[in-house]
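Numbers here simply count residues along the sequence, with the first being 1.
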Amino acid sequence: MLFQPPLPPVYGSLDASQLSARIAERKRQLGKRLVILGHHYQQDEVIAFADFTGDSLKLSQLAAAQKDAEFVVFCGVHFMAESADILTDERVVVVLPDLAAGCSMADMAAIEQLEDAWSQIADVVREPVVPITYVNSSAAVKAFCGGHDGACCTSSNARTVLEWALNGRTPDAPGDRRKVMFLPDQHLGRNTANALGWPLDSMVVWDPREELGGLTPEQICAATFILWKGHCSVHQLFTAKQADAIRAASPGTKILVHPECDWSVVQKADLVGSTEFIIKTLEAAPAGSKWAVGTEVHLVNRLANRFRGEKDIRLLSSIQCLCTTMYRIDLKHLCWVLDNLVEGRVVNQIRVDPETRRLARIALDRMLWLKAQPLVPVTCVD
Ligand code: SF4
């Protein structure tokens, strides 16, 4: 996590309505030079100023599509701002309002750990290992994957990317026995591979704090998937027990969860998908339907309020599952970065160095290319 210096005291003396008025004025002053992006998990008072809302990938693509924008203020977390910097023109300045808005999952896979793991695995296995990283990872990890014939994936196209990485290998047809290293989220890796028909015993979990990942050479050789021991601190709060309790207390309630949830939760769910999928599913749901949703609380509450009286939408957990790092982006920090931009100063710019950017772009471009592909084995992407 990066260090965010304290804001000047004036920002602590302004209340929410004063901050909102000042942000609105700054937006007006900057006009088309500014685009504010708001991730779905942001708090409502920040989302109110977003020109676009979406998941991390959609927002980065939208940022790249803004031809007039000089400044992209990304109300999300650090890895998202890095992706926006990689995907936008070099002239575009990407700003993260609070540098301490990191992602606990991305922080679980440091590039040094990945390089160390890669060399240890290379000493043990002979077949090709394809590194696949979820977009919720640092630019350095993305660059590693891009530079080692791997790719990024999102929660919506992880299935297509895994099929591509396996190059035709299926549970019933061993193919050329290639392996996949999936990071940093073991749950997305496990849930996706299992949905493709791979049994749980075809997967091992690599603990970067242990020698040889805490595994034996035999376990690594026998596995098809090496899953990095990482997780989302928000989605791990959902449990299978909560799903059972809701089914017992409220028959007919559909359970809809994000694939960052534990495998046992996913097994209890009626539907599993990305934040965009969750939103579309609830938008299309019939009036009178009941839903328990396993994802970040701000998004679930926003959807519950939007459809109040028409559809019954609630959080799967009875405790508030909040992304605390995303929550660091507030009106004060947004106001502070916009005040500075209006005065001709850039604060909190997120800039990825050229070589990391080049290699990470390879991994991201593969992800974008694969997103549009049908679910069939792909033999060559270069
Ligand atoms: S919800 Fe989880 S994966 Fe998403 S930014 Fe927060 S900690 Fe990271």
Side-chain angles (χ1 to χ4, degrees), residues 1-14 18-39 42-43 45-54 56-103 106 135 138-140 142-143 325-358 360-361 364:
M1 186 187 289
L2 297 174
F3 174 68
Q4 172 64 47
L7 299 186
V10 63
Y11 294 96
S13 67
L14 299 172
Q18 289 169 315
L19 287 164
S20 293
R22 195 152 154 176
I23 292 168
E25 174 59 12
R26 297 301 183 230
K27 276 194 78 174
R28 193 195 61 72
Q29 288 171 297
L30 289 162
K32 287 187 174 174
R33 298 172 67 204
L34 170 72
V35 172
I36 299 180
L37 304 177
H39 190 273
Q42 278 300 337
Q43 44 192 317
E45 59 188 24
V46 171
I47 284 287
F49 290 105
D51 297 298
F52 300 101
T53 59
S56 61
L57 175 68
K58 180 178 165 189
L59 290 175
S60 292
Q61 289 174 301
L62 281 164
Q66 306 307 306
K67 295 303 168 208
D68 296 330
E70 286 172 51
F71 310 114
V72 169
V73 173
F74 207 127
C75 297
V77 294
H78 188 261
F79 77 81
M80 300 176 188
E82 281 189 325
S83 293
D85 185 54
I86 292 165
L87 291 172
T88 49
D89 287 351
E90 298 228 15
R91 61 170 185 81
V92 177
V93 171
V94 176
V95 169
L96 182 66
D98 187 329
L99 291 179
C103 163
V135 278
S138 69
K142 291 183 178 83
T325 46
M326 188 92 63
Y327 194 62
R328 296 188 69 98
I329 308 290
D330 56 13
L331 290 181
K332 288 181 199 148
H333 288 83
L334 180 56
C335 190
W336 173 65
V337 296
L338 296 186
D339 280 349
N340 276 283
L341 289 179
V342 165
E343 286 163 21
R345 284 188 302 270
V346 174
V347 290
N348 285 13
Q349 181 174 2
I350 303 300
R351 188 182 275 162
V352 178
D353 72 82
E355 183 58 6
T356 304
R357 185 184 171 106
R358 184 183 72 79
R361 182 80 202 225
L364 284 165

Q: Could you please spell out the steps behind the side chain to side chain contact (heavy atoms under 4.5 Å, CB included) verdict for Val337 and Leu96?
A: CA-CA 8 Å; Val337 296; Leu96 182 66; over 6 Å; no

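Taken from CG in Leu37 to OG1 in Thr53, the straight-line distance is 9.5 Å, to the nearest 0.5 Å. With values rounded to the nearest 0.5 angstrom, His39 atom NE2 is found 12.0 Å from Ile329 atom CD1. Here His78 contributes atom NE2 and Arg328 contributes atom CZ; the two are 13.5 Å apart, rounded to the nearest 0.5 Å. Atom CZ of Arg33 and atom CG of Asp68 lie 11.5 Å apart (nearest 0.5 Å). Taking CE from Met326 and SG from Cys103, the interatomic distance works out to 8.0 Å, rounded to the nearest 0.5 Å. Separating the OG atom in Ser83 from the CZ atom in Phe74 is a distance of 7.5 Å, to the nearest 0.5 Å.
Contact check on Glu25 versus Arg22 returns no salt bridge, with no Lys/Arg side-chain nitrogen under 4.0 Å from an Asp/Glu carboxylate oxygen. Comment: Asp85 does not engage Arg351 in a salt bridge, judged by the lack of any side-chain N to carboxylate O separation of less than 4.0 angstrom. Ion pair Arg91/Asp89 flagged as a salt bridge, since at least one NZ, NE, NH1 or NH2 atom sits closer than 4.0 Å to an Asp/Glu carboxylate oxygen.
Of all the heavy atoms in Gly38 and Ala50, the pair that sits closest is N-CB, 3.7 Å. Between Val94 and Ala81, the closest heavy-atom pair is CG1-O, 3.6 Å. Of all the heavy atoms in Asp98 and Ala100, the pair that sits closest is OD1-N, 2.8 Å. Considering every non-hydrogen atom in both Ser56 and Met80, the closest pair reads CB-CG, 3.5 Å. Nearest heavy-atom pair, Ala139 versus Val352, reported as atom, atom and distance to 0.1 Å: CB-CG1, 4.0 Å. Taking every heavy atom of both residues into account, Ser13 and Gln18 meet most closely at O-OE1, 4.0 Å.
No side-chain heavy atom of Val72 sits under 4.5 Å from any side-chain heavy atom of Gln66. Between Leu338 and Phe71 the shortest side-chain heavy-atom distance does not fall below 4.5 Å. You'll find the side chain of Glu45 stays beyond 4.5 Å of the side chain of Ser20, heavy atoms only. Two residues are said to be in side-chain contact when any heavy atoms from C-beta on lie closer than 4.5 Å; Lys332 and Leu14 fail this criterion. At a threshold of 4.5 Å between non-hydrogen side-chain atoms, the residues Leu341 and Val347 do not count as touching. The closest side-chain heavy-atom distance from Lys58 to Phe52 is not below 4.5 Å.
When atom types are taken as modelled, the side chain of Asp339 and the backbone of Val342 share no donor-acceptor pair closer than 3.5 angstrom. Judged purely by atom type and a 3.5 angstrom limit, Asn348 has no side-chain atom pairing as donor or acceptor with the backbone of Val95. The closest donor-acceptor contact from the side chain of Asp51 to the backbone of Ile36 lies under 3.5 Å.
For NZ of Lys27, the number of neighbouring non-hydrogen atoms (other residues, nucleotides, ligands) closer than 6.0 Å is greater than 12. Atom NZ of Lys67 has more than 12 heavy atoms from other residues, nucleotides or ligands within 6.0 Å. Atom CD of Glu343 sits in a crowded spot, with more than 12 heavy atoms from other residues, nucleotides or ligands closer than 6.0 Å. At most 12 heavy atoms of other shown residues, nucleotides or ligands fall within 6.0 angstrom of atom OH in Tyr327.
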